[in-house]
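Because the structure is predicted, anything quoted here is derived from the model rather than measured.
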Amino acid sequence: QVQLVESGGGLVQAGGSLRLSCAASGLTFSNYAMGWFRQAPGKEREFVSAIYWSGGYTDYADFVKGRFTISRDNAKNTAYLQMNSLKPEDTAVYYCAALSSWKSYRLNDGNAYDYWGQGTQVTVSS
């Protein structure tokens, strides 16, 4: 049974930082690219960032470039999203997801992902 468990969300003031973690189990972690998506109330889910199985390639949505950094530790079966300079508009539920490596050309397509976590709430106050 595959499980992706996010943690690290919370309430932070604008300009602050949070580090999200996504712990994976039940799959061969190094066979999957990992992505982060978010969904704010009343809005559609949107791509935030993703990383190849090897960590050798990363992708970011324009609205987080220069502020967020994605990484992974294959030895710990964990992916991370370091979020700096947070803004109120970053408020959302953040989800991690796993994408079979052979579909890595669809890194920013949420419909391509195979497994999803339950999400963690990030709230940024102004």
Task: Nearest-0.5 Å distance, CD of residue Gln1 to OH of residue Tyr115 - done: 10.5 Å

Task: Interatomic distance, Ser85 atom OG to Arg67 atom CZ [nearest 0.5 angstrom] - done: 7.0 Å

- [ ] Output yes when Asp62 and Lys65 qualify as a salt bridge under the 4.0 Å nitrogen-oxygen rule, no when they do not.
- [x] yes

Open item on the list: Under 4.0 Å between a side-chain nitrogen and a carboxylate oxygen: does that hold for Lys103 and Asp109?
Closed with: no

Open item on the list: In this structure, would Tyr60 and Tyr80 fall into the same cluster of hydrophobic residues linked by side-chain contacts under 4.5 Å?
Closed with: no

Open item on the list: Once you measure the plane-to-plane angle for Phe68 and Tyr94, does it fall in the parallel (<30°), tilted (30-60°) or perpendicular (>60°) bin?
Closed with: tilted

Open item on the list: Hydrophobic clustering (ILVMFWY, side-chain heavy atoms < 4.5 Å, transitive) - are Met83 and Ile70 grouped together?
Closed with: yes

Open item on the list: Test of understanding: clusters of I, L, V, M, F, W, Y form through side-chain heavy atoms closer than 4.5 Å, transitively. Do Leu81 and Leu99 belong to the same one?
Closed with: no

- [ ] Take Leu27 and Asp114, measure what side chain to side chain contact (heavy atoms under 4.5 Å, CB included) needs, and give me the verdict at the end.
- [x] CA-CA 11 Å; Leu27 76 170; Asp114 300 284; over 6 Å; no

- [ ] Specify the closest pair of heavy atoms between Arg72 and Phe29, including all atoms of both residues, with the distance to one decimal.
- [x] NH2-O, 2.9 Å

- [ ] Identify whether Leu4 and Leu20 are in the same connected component of the hydrophobic contact network (ILVMFWY, side-chain heavy atoms under 4.5 Å).
- [x] yes

TODO: Go through the steps to decide whether Tyr32 and Ser100 satisfy the test side chain to side chain contact (heavy atoms under 4.5 Å, CB included), and finish with yes or no.
DONE: CA-CA 5 Å; Tyr32 290 83; Ser100 296; 3.6 Å; yes

Open item on the list: side-chain hydrogen bond (donor to acceptor under 3.5 Å, both in side chains) for Ser101 and Asn31? Distances and angles first, verdict last.
Closed with: CA-CA 6 Å; Ser101 292; Asn31 286 350; 5.6 Å; no

Open item on the list: Tell me whether Leu86 shares a hydrophobic cluster with Phe63, the cluster being built from Ile, Leu, Val, Met, Phe, Trp, Tyr side chains joined at under 4.5 Å.
Closed with: yes

Task: Expected output: side-chain Glu6 to main-chain Gln118 donor-acceptor under 3.5 Å - done: yes

Open item on the list: Can you give me the closest heavy-atom contact between Val93 and Gln121, atom names plus distance?
Closed with: CG2-OE1, 3.3 Å

Task: Arg19 CZ to Thr69 OG1 distance, which is reported to the nearest 0.5 Å - done: 10.5 Å

- [ ] Compare every heavy atom of Tyr52 with every heavy atom of Leu107, then report the nearest pair and how far apart it is.
- [x] CD1-CE1, 3.6 Å

Task: Plane angle bin for Phe37 and Tyr113 - parallel if under 30°, tilted between 30 and 60°, otherwise perpendicular - done: perpendicular

Open item on the list: Could you report the tightest heavy-atom contact between Gly26 and Val2, atom names first, then the distance?
Closed with: O-CG2, 3.4 Å

Task: Nearest-0.5 Å distance that lies between atom NZ in Lys87 and atom OG in Ser126 - done: 14.0 Å

Task: Separation of Asn74 CG from Ser30 OG (nearest 0.5 Å) - done: 5.5 Å

Open item on the list: Please give me the minimum heavy-atom distance between Trp36 and Ala79, naming the atom from each residue.
Closed with: CZ2-O, 4.0 Å

Task: Identified side chain to side chain contact (heavy atoms under 4.5 Å, CB included) counterpart of Val124 within the set Asp90, Leu11, Leu18 - done: Asp90

Open item on the list: I'd like to know if the side chain of Ser49 reaches the main chain of Asp59, judged simply by a donor and an acceptor atom lying under 3.5 Å from each other, with no hydrogens or angles considered.
Closed with: yes

TODO: Would you give the length of the straight line joining atom CD of Glu44 to atom CD of Gln39, rounded to the nearest 0.5 angstrom?
DONE: 8.0 Å

Open item on the list: Restricting to non-hydrogen atoms, name the atom on Arg38 and the atom on Ala92 that form the minimum distance, rounded to 0.1 Å.
Closed with: CB-CB, 3.9 Å

